[in-house]
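See structure below.
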Amino acid sequence: MITARPRGTADVLPDDAGRWRHVEETFRQICREYNYQEIRTPVFEHTELFERGVGDTTDIVEKEMYTFRDRGDRSVTLRPEGTAPVARAYLENRLNAGPQPVKLYYTGPMFRYDRPQAGRYRQFHQLGAEVLGSDDPAVDAELIAMAMDFYGRLGLRDLDLHINSVGCPRCRSELRLRLREFFRPVHDKLCVNCRGRLDKNPLRVLDCKVERCDELAGNAPTTIDCLCPDCEKHFGRVKACLEGLGIPFTVNGRLVRGLDYYTHTAFEVMVPDIGAQSSIGGGGRYNGLVEALGGPPTPGVGYALGVERIILTMERQGAPFPARNRPDVFVAAADPSGEEKAFGVLFALRAEGLSADKDYLGRSLKAQMKLAGRIGCRFVVILGGDELKRGAAAVRDMAGGSQVELRLEGLSREIKKWGLGIRD
Ligand code: AMP
């Protein structure tokens, strides 16, 4: 018997699935309000998309991808993130030929081969939004505001919003020079990874999690020190929009996404109390991405929020979740001869829009009543005896304990009127 799931994956059982649905539905609602349209891309893509679209000096591409050869000997990869696939779909389906900007959202599983721990999984789920085709800093602000609005509606508190500008490729080549100069005297004190990064991608030293590197980077020049006037202006507008909306933020010059097609805004939302994996979402502008995939120069900006960490934080903070769905009605047969009738009544109630269920294990009436209580049905329709001969049934209100006789004809209407307070 196979009894263990792969490491870093999870089963979402019915009690938890309601929490997931609540988070996803709240996100969909926000997307409707902000006018983002849903896009669904494949769960796997050509490996090259992520090598080019995420960047081959990132941890994701260097060591975390689920890459394999399919039976046709093509290299494919389970998507580790959603932005590159969305940019690919935008180009491939010529969404750039329609009205711009194109505002899209997605939900779904992502895959990264990382060491699993609380809040870090190998299959995890993201809610994402992307805007392609506009360079307006107000769009960056809209996305950030939308993410914060979403967290707020879920009842999350004490969130830290960090924002930064990583400038444009020109600002960054200056920063690279300055970083190499800054770290040269302390080169040997950096971790092995960072020594390599200093050549390939020195910006990544700024966000190294190793304590020693973190300390050494404390006084290093940051992206903010190297912004050109255009980038400065863009960042100024993003900040002004956020201020105008009353959204508090901290400027964090060490928040980097060290790839050439990431431009301008970078942001991350942190919760203080969920341990090492404190980021519950992040994003930024990527004006060079579509071009890196072979398309025309196209500005873009987006974010991805982690569902597991959001739910974890909601649970830790005691945020409210809706009650579990419970059927309205349980249809019980008083004796085996009433089973067929019960089956018919069950479907008639469902056809009228009530959620209803019955026993399928041949239980006694007493055991059926107990079951109805356990699954939390509001009413039990008891079919049998004299009532049935009169074309009626006994209906018990499980909350109040009272029982009335109702005619089978028009039963759902009567139940709605009597118990659920719904009137036609
Ligand atoms: P990223 O795509 O790395 O910017 O991540 C965006 C968000 O996805 C993060 O803020 C996390 O909330 C979530 N996330 C990223 N990696 C994982 C993972 N391995 N397990 C669970 N959540 C993750």
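When a ligand or atom number is given, it counts from 1 through the structure's own listing order.
- Where the criterion is an N or O separation shorter than 3.5 Å, residue side chain and backbone included, Glu268 fails it with respect to ligand 1.
- Remark: ligand 1 atoms within the under-4.0 Å shell around heavy atoms of Ser279 are 9 (C), 10 (O), 11 (C), 12 (O).
- Taking the six-membered ring where the residue is Trp, His22 and Phe321 present perpendicular rings, their angle passing 60° and hence far from 30°.
- Set against the non-hydrogen atoms of Ile280, the atoms of ligand 1 under 4.0 Å away are 10 (O), 12 (O).
- Of the possible polar contacts, one joining the Asn164 side chain to the Gly253 backbone as a donor-acceptor pair under 3.5 Å is found.
- When only interatomic distances are considered, the shortest N/O to N/O separation between Gly282 and ligand 1 does not fall below 3.5 Å.
- The cationic group of Lys103 does not satisfy the cation-pi geometry with Tyr105, failing either the under 6.0 Å distance to the six-membered ring centre or the 45° limit from the ring axis.
- Contacts between Phe124 and ligand 1 below 4.0 angstrom, taking non-hydrogen atoms only, involve the side chain exclusively.
- The closest approach between any non-hydrogen atom of Arg112 and ligand 1 is below 4.0 Å.
- Close approach of ligand 1 to Gly119 is summarised as follows: ligand atoms under 4.0 Å from at least one heavy atom of the residue are 20 (N), 21 (C), 22 (N).
- Using a cutoff of 4.0 Å between basic side-chain nitrogens and carboxylate oxygens, Glu24 and Arg21 are not scored as salt-bridged.
- Counting heavy atoms under 4.0 Å from ligand 1, residue Glu308 does not touch it at all.
- Each salt bridge (Lys or Arg N to Asp or Glu O under 4.0 Å) pair with one or both residues in residues 179-191, not counting sequence neighbours, would appear here, but there are none.
- Of all the atoms in ligand 1, the ones that sit under 4.0 Å from a non-hydrogen atom of Gly306 are 7 (C), 8 (O), 12 (O), 13 (C).
- Atoms of ligand 1 found under 4.0 Å from any heavy atom of Ala304, numbered from 1 in the order shown, are 6 (C), 7 (C).
- The parts of Arg120 lying near ligand 1 are both backbone and side chain, judged by heavy-atom distances below 4.0 Å.
- Residue contacts with ligand 1, taken as heavy atom pairs separated by less than 4.0 Å, involve Gln126 solely via side-chain atoms from C-beta onward.
- The minimum heavy-atom distance between Ile310 and Ile280, with the atom names listed, is CG1-O, 4.3 Å.
- Using a distance-only test at 3.5 Å, with no hydrogens or angles considered, a donor-acceptor pair links the side chain of Arg112 to the main chain of Pro80.
- Cation-pi check for Arg153 over Phe150 is not met; the charged atom does not lie both under 6.0 angstrom from the ring centroid and within 45 degrees of its normal.
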